[in-house]
Amino acid sequence: MPRPSSDEREDMSEQSNETPFRYTARMAQDIELAWQDRWEESGTFNAPNPAGPWAEPERVASLGEKLVVLDMFPYPSGVGLHVGHPLGYIATDVYSRFHRMLGKNVLHALGYDAFGLPAEQYAVQTGQHPRKTTEENMTNMKRQLRRLGLGFDNRRTFATIDDEYYRWTQWIFLKIWDAWYDADAVRPDGGRGRARPISELVEEFESGRRAPLTEDGRGWADLTATERARVLAGFRLVYQSEAPVNWCPGLGTVLSNEEVTNEGRSERGNFPVFKRNLSQWMMRITAYADRLADDLDGVDWPENVKRLQRNWIGRSQGARVTFPVPLASGELAGQKGGIEVFTTRPDTVFGATFMVIAPEHPLVDSLVPEGGWPEGTHADWTGADAAASATPKEAVAAYRLAASRKSDVERQTEGKDKSGVFTGSFATNPLTGEAIPVFVADYVLMGYGTGAIMAVPGHDERDFEYATKFSIPIVRVVAARPDGGDEPLTEPFVADGFAVNSANATVSLDGLAVEDAKERIIAYLEDGGDGRGTINYRLRDWLFSRQRYWGEPFPVMFDDDGVAYAVPDDQLPLTLPDVPDYSPKTFDPDDATSSPEPPLSRVPEWVNVEVDLGDGRGVRHFRRETNTMPNWAGSCWYYLRYLDPANHETFVDPANESYWLGRHAEPVAGAPAGTVDPGGVDLYIGGVEHAVLHLLYARFWHKVLFDLGHVSSEEPFRKYFSQGYIQAYAYTDSRGQYVEASEVEEHPGAHGEEPTFTWQGQQVFREYGKIGKSLKNSVSPDEMYDAFGADTFRVYEMSMGPLELSKPWDIRAVVGSQRFLQRLWRNVVDEETGALRVADVAPDQALTTQLHQTIAGVRDDFEGLRFNTAIAKLIELNNSVTKLEVPPREVVEAMVLMVAPVAPHIAEEMWSRLGHDDGVAHAAFPVSDPAKIVMGQVTCVIQIKGKVRDRVEVSPDISEEDLRTLALSRDKVRAATEAGVRTVIVRAPKLVNVVPV
RNA sequence: GCGGACGUGGUGGAACUGGUAGACACGCAGGAUUUAGGUUCCUGUGCCCUAGGUGUGCGGGUUCGAGUCCCGCCGUCCGCACCA
């Protein structure tokens with residue numbers, strides 16, 4: 001016999017004859033679908049713009065302040081949403097709806113980040129065009145989100161793959177390409193350094209105010225067009241560079257530093273990544289390193305996200321110092337006459353007893369002498385490979401080969417065990433004049449600083465280890481006390497202290513504190529030309545090209561001399577051609593020697609074009625750039641497009657930009673003194689996973705647009721809120737295979753024992769982790785809509801706990817949220833008759849007080865994104881009303897309005913049944929009247945020595961004196977104070993603390 | 001290794017500037033409705049015991065009073081990782 005389907009069971013129970021008007025999942029669905037249609041028909045959430053194609057200045061003027069609320073740009077994945085995804089969208093929707101009820105002009109919209117690798121990979125697997133699969137995915141995702149009742153301005157939606165959108169992505173790219181960073185230019189805020197149009201640089205060259213740095217000293221006028229283009233390329237904020245990049249054969253593309261994990265693998269797909277020298281497009285984000293770090297002070301972001309960005313930028317103050325290296329030939333090494341190092345401790349140059357350069361350092365070859373080891377070579381220094389230790393040349397070559405074969409992972413896992421070989425050259429310590437050996441060792445990284453260090457073993461742990469292993473002298477130049485110069489060093493001294501043993505004929509640091517010593521020695525080195533104070537960054541320029549099909553084409557083409565030209569504005573967008581074979585060429589993931597091959601390069605009719613650029617050179621042949629932009633490009637500016645998506649004249653009308661994102665008069669909450677509000681969206685909610693990728697890239701683009709005068713705000717995201725994740729339990733069987741979590745049965749453990757779990761009769765084991773297919777613990781929003789309705793789902797997600805915390809999904813607990821809505825519904829509608837239950841009766845004093853306390857609390861909580869406590873307060877108020885025979889209309893209506901941001905459909909339905917035709921979305925949020933918060937009796941706690949021993953009901957305005965007398969007269973207090981009273985602390989009316997002798 | 005955050009019932013979590021610890025919810029127990037299961041509703045529920053005691057990871061400190069402030073441990077999570 002077939003089992004009844006869940007629908008039939010639902011019919012049996014929910015369409016009970018006795019309670020036909022109960023708020024069930026079925027009724028929720030009817031209500032929700034109806035209101036979603038009504039909202040859409042009437043454009044309830046459309047926000048008026050002051051300017052541009054949708055200008056409605058009168059409507060803007062009729063509304064209060066503006067508010068821009070932003071969600072993470074969703075990527076339409078093929079597997080659909082799970083219950084963790086909408087968390088942030090629900091939170092922003094609640095916040096937006098709340099502020100709409102406060103009368104604000106709220107802009108909340110959602111588009112789709114639709115270019116990118118997964119769509120392309122999926123398309124390759126299924127043999128369909130990525131556009132087709134992407135659009136199908138978007139359709140499904142839109143359906144799932146619409147069913148959730150999110151109040152988006154649907155007119156403002158778009159996808160990054162729309163021609164009309166990526167036209168402007170390309171336009172912005174060209175603005176960045178057509179700009180250079182003038183480190184000396186003064187900004188409006190008084191700081192130095194900003195982007196300027198490249199035309200202004202050309203003008204400076206032409207007028208002679210600036211001379212191009214050419215090798216042969218020729219001036220601008222003497223250069224050919226091609227040479228001039230090359231000079232300009234050295235300044236542009238987008239440039240091509242032949243440099244070591246992250247090549248990922250498994251994905252068939254190169255990746256940015258930010259997309260490579262600590263383990264040296266791709267963030268997407270977890271394939272090995274190799275360093276290869278390839279010519280690639282870079283964005284000069286390092287020019288903005290200081291501002292990207294400094295301006296974090298002015299935004300309202302969680303401290304941990306700010307810290308992540310600051311760490312990634314990695315600014316450190318120090319000095320660059322050149323150590324001369326006399327070669328066997330009698331000449332000095334390198335262009336600077338030696339090895340330039342970066343150090344944060346220039347005060348310890350006197351203690352530098354050796355130097356180390358990275359194996360990949362270009363100077364290595366010139367340092368290695370012909371012939372045998374020089375005098376003074378220690379036996380340990382010739383390398384671990386005895387067969388190759390006869391000469392420096394062999395030893396260094398062997399070491400470099402070994403180092404090049406090590407992956408980053410191996411370098412790390414080998415940890416602190418230092419290795420290295422002597423190059424055969426000695427450098428001169430510029431302060432002591434002593435000859436110090438130069439080593440090649442892989443604990444120095446080519447990618448940081450200058451790729452070479454001065455080693456101060458007395459005051460650096462790594463150098464100390466190396467010196468100990470290779471028998472190199474260790475000198476103390478810092479001590480805890482100014483006279484501590486003779487104290488032995490059994491371990492590196494890295495603490496703050498005073499310079500010692502740091503003097504030569506012309507300078508002495510002895511006795512100076514570290515900071516003063518740094519200052520003194522930098523001045524000295526600058527005088528002598530041996531060094532200069534400088535700031536070093538960990539941040540590298542942003543690798544911007546990908547060898548993929550499914551991305552924005554670069555609006556760039558090359559002439560036959562290889563000079564890059566912008567595709568003219570009137571030819572944008574440069575559309576992505578439909579090609580027969582859009583699959584990228586991927587390789588064996590471990591094949592480090594493979595080379596990228598962009599799919600677009602296989603479309604010669606698209607690549608080769610004849611164009612007249614109007615520069616007087618007529619129609620010429622050009623080759624288009626065949627790389628595409630990374631996924632991040634589209635998400636770097638989408639929040640700007642929401643402001644004015646129908647504008648075909650410009651990417652955003654300046655009046656719309658300054659209205660929605662302009663600066664506020666007040667600095668953001670918690671900003672240090674002296675900062676000003678930078679502008680940007682008013683609330684951005686998302687996960688921490690984008691802290692150093694999207695959030696950094698978007699800030700960079702925004703600042704370039706600001707410098708070039710295209711936006712008035714200096715930051716894209718004024719306030720950022722980092723949400724937690726919803727996680728879920730997963731279960732494995734005895735072989736460690738995951739089993740379907742929804743089919744697992746729990747068996748409570750006896751008497752405090754851990755519970756046990758079974759699946760199809762066999763024992764399984766519980767784990768806790770991300771929601772997803774691989775752990776077989778995914779629950780879709782659709783299942784929630786069917787079983788409970790969208791409002792219950794929204795209430796549950798918002799009441800689980802603080803938004804910033806990660807918490808476990810517990811489907812059994814959802815019923816609590818449903819019961820709350822059912823009880824609320826029952827206070828409005830009779831379950832049996834459908835009649836209205838409220839009446840115009842006045843609530844009693846206690847309920848009036850509770851109502852106005854609740855209003856005040858809920859307002860505070862909504863504003864502070866504490867939705868869980870707001871809901872708790874509403875439940876308490878509702879529970880009070882539930883106890884009454886006749887629910888007072890005043891209280892019920894206030895509750896309906898207060899619950900509306902969280903459970904908008906049921907609120908609309910109740911509001912309309914209560915006789916209002918104007919809808920709840922723009923109704924005024926209740927206002928708390930402090931005068932109505934009147935306490936009849938207050939419980940006063942009586943403590944004896946801080947422990948609660950008694951309670952007494954008192955009037956809220958009891959005097960301290962009366963309360964004191966009352967407390968002392970209580971039996972329990974008298975019993976405890978027979979020996980006398982030492983002190984009585986009275987905090988009327990709620991607390992008395994009696995301290996006996 | 002360095003840096004940061006956090007430890008509260010069986011569970012998720014409340015507790016504003018130090019002032020009734022455990023709001024609200026799940027779960028659990030008992031009861032009502034129901035032919036029954038489910039649903040719904042009501043009551044109870046930190047722990048130990050009878051009164052009473054005890055309790056916010058552990059140990060100490062400041063205070064009339066500490067989940068909250070300070071010091072030292074232990075544990076969990078996150079970030080960075082030879083960054084010169």
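Letters go in sequence order (proteins before strands), and every chain restarts at 1. Keep in mind it's a predicted model, so treat the numbers as computed, not measured.
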Would you confirm whether the ring centroid of A:F354 sits within less than 6.0 angstrom of the ring centroid of A:Y466? yes
Checking the side chain of A:R982 only, and the main-chain atoms of A:V995 only, is there a donor and an acceptor separated by less than 3.5 Å? no
Expressed as a whole number of angstroms, how long is the span from A:Y725:OH to B:rG79:P? 9 Å
Rounded distance (Å) that lies between atom C1' of B:rC26 and atom OH of A:Y729: 12 Å
Could you give the CZ-to-C1' distance, from A:R538 to B:rG3, as a whole number of Å? 13 Å
Ranking A:R866 and A:D463 by the position along RNA chain B of their nearest nucleotide, the one closer to 5' is A:R866
With rounding to the closest Å, how many angstrom separate the C1' atoms on B:rG9 and B:rA5? 24 Å
Which is true for A:V815 with a 4.0 Å heavy-atom rule: it touches a base, it touches only sugar-phosphate, or it touches nothing? sugar-phosphate
How close or far is atom C1' of B:rG12 from atom OH of A:Y796, stated in whole angstroms? 7 Å
Just how far, in rounded Å, is C1' of B:rU39 from CD of A:E831? 10 Å
Is B:rG10 in the syn or the anti form, by the rule that syn lies within 90° of 0? anti
Does the plane of the ring in A:Y448 sit parallel, tilted or perpendicular to the ring in A:F342? Use 30° and 60° as the thresholds. perpendicular
Grab the N/O contacts between the protein and nucleotides 18-24 of chain B below 3.5 Å, and write none if there aren't any.
unit_1	atom_1	unit_2	atom_2	d
B:rG19	O6	A:R987	NH2	3.2
B:rG19	N2	A:Q943	OE1	3.3
B:rG19	N2	A:N993	ND2	3.2
B:rU20	O2	A:R951	NE	3.1
B:rU20	O2	A:R951	NH2	3.2
B:rA23	O2'	A:E876	OE1	3.2
B:rA23	O2'	A:E876	OE2	3.2

P atom, B:rG12 versus B:rG44: distance in rounded Å? 24 Å
Answer with base, sugar-phosphate or nothing: what part of the nucleic acid does A:T344 contact at a heavy-atom distance below 4.0 Å? sugar-phosphate
Quick one about A:Q727 and A:S806 (side-chain donor to acceptor, distance below 3.5 Å, no hydrogens or angles considered), yes or no? no
Symbol by symbol from the 5' end, with Watson-Crick or G-U pairs under 3.5 Å, [ ] crossing and | another strand, RNA chain B is (((((((..(((......[....)))((((((.......))))))(((...)))..(((((..]....))))))))))))....
Which is true for A:S806 with a 4.0 Å heavy-atom rule: it touches a base, it touches only sugar-phosphate, or it touches nothing? sugar-phosphate
Inspect the contact between A:R970 and A:D950 and indicate whether a charged nitrogen and a carboxylate oxygen are less than 4.0 angstrom apart. yes
Looking only at atom C1', what distance separates B:rG19 and B:rG65, rounded to whole Å? 7 Å
Between B:rU68 and B:rC16 - C1' atom distance, rounded Å: 12 Å
Whole angstrom is fine here: how far is it from NZ in A:K807 over to P in B:rU8? 16 Å
Can you list, in residue-number order, the parts of residues 304-313 of chain A that come under 4.0 Å of RNA chain B, counting heavy atoms only? A:R307, A:L308
Nucleotide B:rU39, atom P - distance to CZ of A:F820 in whole Å: 20 Å
For B:rC24 versus B:rG59, give the span between their C1' atoms, rounded off to a whole number of Å. 34 Å
Please report, rounded to the nearest Å, how far the P atom of B:rA84 is from the CZ atom of A:F354. 16 Å
Categorize A:R826 for me: base, sugar-phosphate, or nothing, with a 4.0 angstrom heavy-atom threshold over every strand shown. sugar-phosphate
Determine yes or no for a side-chain-to-main-chain donor-acceptor pair under 3.5 angstrom, with A:Y720 supplying the side chain and A:G686 the backbone. yes
Please determine, by modelled atom types, if A:S316 and A:Y537 share a side-chain donor-acceptor pair under 3.5 angstrom. no
Using the P atom as the reference point in each nucleotide, state the distance between B:rU40 and B:rC48 in Å, no decimals. 30 Å
Say we look at B:rG67 and B:rG18: how far apart would their C1' atoms be, to the nearest angstrom? 10 Å
Name the orientation class of the two ring planes belonging to A:H690 and A:H694 (parallel below 30°, tilted from 30 to 60°, perpendicular beyond 60°). perpendicular
Can you see whether A:F757 has A:R766 sitting over its ring - NZ or CZ less than 6.0 Å from the centre and within 45° of the normal? no
A:E303 near the nucleic acid: base, sugar-phosphate alone, or nothing, with a heavy-atom cut-off under 4.0 Å? nothing
Side chain of A:R819: nearest nucleotide among B:rG27, B:rA84, B:rG12? B:rG27
Between B:rA15 and B:rG53, how many Å separate the two P atoms, rounded to a whole number? 29 Å
Give a yes or no on whether the backbone of A:K518 and the side-chain of A:D347 come within a donor-acceptor separation of less than 3.5 Å. no
On RNA chain B, nearest-nucleotide positions of A:V995 versus A:L805: which is more 5'? A:L805
Can any side-chain N or O of A:H459 pair as donor or acceptor with the backbone N or O of A:T348 at less than 3.5 Å? no
Between A:K418 (side chain only) and A:T468 (backbone N and O only), is there a donor and an acceptor less than 3.5 Å apart? no
Is A:R837 reaching over with its side chain to a backbone N or O of A:E885, donor-acceptor style, under 3.5 angstrom? yes
Tell me if a side-chain donor or acceptor on A:N993 pairs with a main-chain N or O of A:G946 at a distance below 3.5 Å. yes
